[in-house]
Amino acid sequence: MSGLSVQRAAAEARSALGEGFVSCFYDRVEDALGVEVIVVPLSEDGCSLTLGGHKVIVVAATEHWYRSNFTLAHELGHFLVEGASSLGGQEAEDMANAFAADLLMPVERVGSVDWGRATAATVAQLCWEFGVSTQALEVRLRYLRVTPGDEARSALARSTAVLLRNSLASSVASPADVSARVQYSARRRFPERVVTGLRRAVADGKAPQASLCWVLGLPAQEERDDDDEAVDSHGLDRNQAHEALATLRKHDRHVRPDGLRPDRRRPVGEAKTTWDAAP
């Protein structure tokens, strides 16, 4: 697979997602690319799979929004790059990392910066604009054979959180803006069709109330009758909803169908994300 095909796929995805997509990445991916995004606590970064005939990416809930962004971009590569399904092993992972880097840190934008004179504030602004970590940006520069000046190099060596806290200009993003990204990345999320289908399944006695509580991030409740109205399943039947939840619950680090904590096995899916290996 050529690098050109990866770059082309990334450019097409970036165009579809629109300007500033990293601030609402999950929503843009669902609306513009038709790939559903699930966010739950996981022991790994994420995976891509198919549930009920729908392409789904599962991302770990975390306060590190820049990590979630790269994970999501990486998994999109497995879906969007032509011929990606024919790859396997490290070749597939390298391709997905290349796609993620091209999607989030396009060559043209990186090349527009005078890196010899770039300041810590410049690096902080770019991390915010790209939605990536200092580590991912540093790897990207090395891949593109860009040599930053001393101040930029020092900034790239800092943790992302420290750099943004100390060097991100308020005119670029306020502390409230940063908190919004943290909350967006850390919040449990399920597609509406899954929640609606599961509610119907619970109401009909086809799925346990505990599964719905898990999806909503609520404490498990005892089964009880109520007067909730029937809802349309939006194309996800009860068995599919139950199967989807059973699959996902296996990989939650807090809840398992058998009530046990999971081990550290890799989650089911096409690929494991190597979020900090951006080319």
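For the single chain, residues carry numbers from 1 onward in sequence order. All heavy atoms count here, side chains included; hydrogens, waters and symmetry mates do not.
Contact check for Thr50 versus Val56: no side-chain heavy atoms found under the 4.5 Å cut-off. Contact check for His64 versus Ser185: no side-chain heavy atoms found under the 4.5 Å cut-off. Looking only at side-chain heavy atoms (C-beta outward), Asn97 and Tyr143 stay at 4.5 Å or farther from each other. Between Thr134 and Ser159 there is no side-chain heavy-atom pair separated by less than 4.5 Å. In this structure the side chain of Phe190 never reaches within 4.5 angstrom of the side chain of Val39, judged on heavy atoms. Contact of the Arg67 side chain with the Ser133 side chain is not registered, since no non-hydrogen atoms from C-beta on lie closer than 4.5 Å. The closest side-chain heavy-atom distance from Arg140 to Val107 is below 4.5 Å. Looking only at side-chain heavy atoms (C-beta outward), Glu36 and Ile57 stay at 4.5 Å or farther from each other.
Cluster membership check: Leu137 shares its hydrophobic cluster with Leu144, using side-chain heavy-atom separations under 4.5 Å among Ile, Leu, Val, Met, Phe, Trp and Tyr.
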Evaluate His54 against Val35 for side chain to side chain contact (heavy atoms under 4.5 Å, CB included), listing each step before the verdict.
CA-CA 7 Å; His54 294 257; Val35 178; over 6 Å; no
Assess the residue pair His78 and Met95 against the criterion (side chain to side chain contact (heavy atoms under 4.5 Å, CB included)); give the C-alpha distance rounded to whole Å, side-chain angles, the decisive distance to 0.1 Å, and a yes or no.
CA-CA 8 Å; His78 290 292; Met95 176 280 301; 4.1 Å; yes
Take Ile38 and Val59 through the side chain to side chain contact (heavy atoms under 4.5 Å, CB included) test and state the conclusion after the steps.
CA-CA 6 Å; Ile38 291 174; Val59 178; over 6 Å; no
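Looking at Asn69, its side chain never comes within 3.5 Å of a backbone N or O of Val132 through a donor-acceptor pair. For Arg28 (side chain) and Leu17 (main-chain N/O), a donor-acceptor pair under 3.5 Å exists by modelled atom type. Of the possible donor and acceptor atoms, one in the side chain of Thr196 sits under 3.5 Å from a partner among the backbone N and O of Glu192. Using a distance-only test at 3.5 Å, with no hydrogens or angles considered, no donor-acceptor pair links the side chain of Ser154 to the main chain of Asp150. Put simply, the side chain of Gln7 never gets that close to the backbone of Asp102: no donor and acceptor are under 3.5 Å apart.
Scanning both residues, Val202 and Pro208, for their nearest heavy atoms gives CG2-O, 3.6 Å. The minimum heavy-atom distance between Ser23 and Gly20, with the atom names listed, is OG-O, 3.0 Å. Smallest separation of non-hydrogen atoms from Pro41 and Arg188: CD-NH2, 3.6 Å. The minimum heavy-atom distance linking Trp115 with Leu126 is given by the pair CH2-CD1, 3.4 Å. The two residues Ser167 and Arg158 make their nearest non-hydrogen contact at OG-NH1, 3.5 Å. Nearest heavy-atom pair, Ala16 versus Leu33, reported as atom, atom and distance to 0.1 Å: CB-CD2, 4.0 Å.
In summary, Glu12 and Arg8 do not engage in a salt bridge, as defined by a charged side-chain N under 4.0 Å from a carboxylate O.
In summary, the side chains of Asp27 and Tyr184 do present a donor paired with an acceptor at a separation below 3.5 Å, with no hydrogens or angles considered. For the residue pair Arg109 / Ser112, a side-chain donor-acceptor distance below 3.5 Å is found, with atom types taken as modelled. Defined by atom type and a distance below 3.5 Å, a donor-acceptor pair is missing between the side-chain atoms of Thr71 and Ser68.
In this structure, His74 and Phe70 have tilted ring planes: the angle between them lies in the 30° to 60° band. By the 30° and 60° cut-offs, the orientation of the rings of Trp65 relative to Trp128 is perpendicular.
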